[in-house]
Number of protein chains: 2
Amino acid sequence: MMRTIDPAKHEARRRNIVNAAAGLFAAKGFERTTTAEICKAAGTSTGNLFHYFPNKRAIFLAVFEEDGDEKAEFLARAVAGDDPWAALLEVVDLLAAPAAEPTVPPLVMEAMVQAYRDPEVEAALSRDNAEEHAAIAALLSRAAEAGQIDPGLDPVGTATWIQTLIGSLYTGAATNPGFEPAEQLPTLHLILRRFLRAEPGPS
Amino acid sequence: MMRTIDPAKHEARRRNIVNAAAGLFAAKGFERTTTAEICKAAGTSTGNLFHYFPNKRAIFLAVFEEDGDEKAEFLARAVAGDDPWAALLEVVDLLAAPAAEPTVPPLVMEAMVQAYRDPEVEAALSRDNAEEHAAIAALLSRAAEAGQIDPGLDPVGTATWIQTLIGSLYTGAATNPGFEPAEQLPTLHLILRRFLRAEPGPS
DNA sequence: GTCTATAACGCGATAGAC
DNA sequence: GTCTATCGCGTTATAGAC
């Protein structure tokens with residue numbers, strides 16, 4: 001008598017719940033989304049939902065616990081590449097890409113707000129942030145050595161600014177109705193090019 | 001027997017409630033702040049609170065309905081000034097200044113999130129946004145005419161980017177613990193100078 | 001024995017009657 | 001200005017299906 005059955009079905013059901021919840025969290029926010037709504041959207045029921053997750057917060061956290069591995073690999077490969085400047089632009093594009101999906105920017109906003117009160121959300125976000133920051137800072141250092149960017153810039157502080165510039169695509173998409181992150185990418189590249197590649201120069 | 005009393009006292013009491021609520025909204029967010037807490041913090045009681053405001057949302061809205069006049073004046077004066085580039089930097093500093101106050105960034109985050117669902121909040125924010133955007137775009141046009149910045153930049157799109165850059169100071173302060181907007185202002189100026197004043201140049 | 005569904009509890013918040 | 005009715009939420013206790 002197969003004791004524990006297919007973990008595949010378990011995962012599928014779990015994912016189904018997470019996906020349904022993600023849509024609701026994006027549309028209505030965490031607190032205004034009720035567990036009953038999640039159940040209805042996922043086609044399941046209360047008892048079942050609390051069989052997969054201990055509480056509502058755990059569902060929210062699960063939304064953001066994905067695809068960490070692929071990104072880490074990509075970042076590692078980029079840092080190790082030959083052309084730091086080109087790699088930097090690729091990293092920027094990679095990190096900016098999800099902003100074009102309609103549900104992601106509101107979810108990111110919600111996560112930033114929740115990170116304020118919930119230490120677990122805070123931890124999850126800062127882990128991701130630190131990973132990206134390290135990769136960007138490393139690329140900036142290497143690009144400076146290679147003479148591709150202004151060597152006078154502090155890699156740590158500059159990396160933070162690049163992250164906030166990418167973040168602007170998310171906040172912009174979440175707040176301005178007509179803001180299309182994909183359209184803004186060329187401008188972001190232009191800003192970075194002019195900011196980073198500028199001659200040290202006077203004043 | 002004076003029927004309707006001093007509107008001054010009314011306003012003071014109202015302001016008192018709004019200020020107390022603002023602190024709580026900043027610390028705990030809108031939904032997690034209870035009307036009872038607001039009452040306690042404001043030193044009043046439930047019935048009295050609902051005498052001044054119809055519901056909790058109205059209190060939240062009142063937090064953001066202030067000092068509109070002074071800012072509008074300042075913007076108008078800046079646009080009319082002699083040196084558009086200097087005026088632009090002054091406008092940036094003015095709009096960035098509140099980010100240094102500890103309670104403001106979380107409140108702004110909360111407002112951006114609430115603007116998604118609440119049309120009234122959305123309206124209030126976009127009114128402010130449009131005002132600032134118009135001023136910045138006008139300054140960009142004048143600075144381009146005066147040969148102070150790259151004339152190839154689209155004033156409308158560039159103004160939006162400048163707004164998001166300023167917004168980064170708020171989101172950065174709200175998310176990164178060690179992020180000090182005041183310290184980042186010089187870097188913001190540097191980014192703007194290099195981005196905007198660059199020669200049109202090739203590539 | 002693992003998964004799913006129903007139903008109900010306790011809590012706390014809003015709002016309005018007094 | 002106090003007090004409290006009403007309602008909706010997250011959660012759990014209980015019981016049935018695969």
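Throughout, protein chains are lettered first and strands after them, A, B, ... in sequence-line order, and every chain is numbered starting at 1.
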In whole Å, I'd like the distance from the [atom1] atom of [X] to the [atom2] atom of [N].
| X | N | atom1 | atom2 | value |
| --- | --- | --- | --- | --- |
| A:Lys40 | D:dC9 | NZ | P | 11 Å |
| A:Leu49 | C:dA7 | CG | C1' | 16 Å |
| A:Arg14 | C:dT4 | CZ | P | 14 Å |
| B:Phe50 | C:dA15 | CZ | P | 5 Å |
| B:Ile59 | C:dA13 | CD1 | P | 14 Å |
| B:Glu31 | C:dG12 | CD | C1' | 15 Å |
| B:Ile17 | D:dG1 | CD1 | C1' | 12 Å |

Quiz item: Of the nucleotides C:dC3, C:dT6, D:dG1, which one has an atom closest to the side chain of B:Asn48?
Solution: D:dG1

Practice problem: Select one nucleotide: of C:dA15, C:dT4, D:dG1, the one nearest the side-chain heavy atoms of A:Arg13. | Solution: C:dT4

I want to check one thing: is the phosphate of [N], taken as OP1 and OP2, less than 4.0 Å away from some side-chain N or O of [X]?
| X | N | answer |
| --- | --- | --- |
| A:His10 | C:dC3 | yes |
| A:Tyr52 | C:dC3 | no |
| A:His51 | C:dC3 | yes |
| B:Ser45 | D:dT2 | yes |
| A:Thr35 | D:dG10 | yes |
| B:Arg32 | C:dA13 | no |
| B:Lys56 | C:dT14 | yes |

Practice problem: Identify whether any heavy atom of B:Thr44 sits under 4.0 Å from a base atom; if not, whether one sits that close to sugar-phosphate; answer base, sugar-phosphate or nothing. | Solution: nothing

Quiz item: Is there side-chain contact between B:Asn19 and B:Val63, with heavy atoms separated by less than 4.5 Å?
Solution: no

Practice problem: Check the angle between the aromatic planes of A:Phe25 and A:Phe30 and answer parallel, tilted or perpendicular using the 30° and 60° thresholds. | Solution: tilted

Could you verify whether a donor N or O on one side chain and an acceptor N or O on the other, from [X] and [Y], lie under 3.5 Å apart?
| X | Y | answer |
| --- | --- | --- |
| B:Ser168 | A:Ser168 | yes |
| B:Glu120 | B:Gln114 | no |
| B:Thr44 | B:Asn48 | yes |

Quiz item: If you pin A:Gly47 and A:Thr34 to their nearest nucleotides in DNA chain D, which one's is more 5'?
Solution: A:Thr34

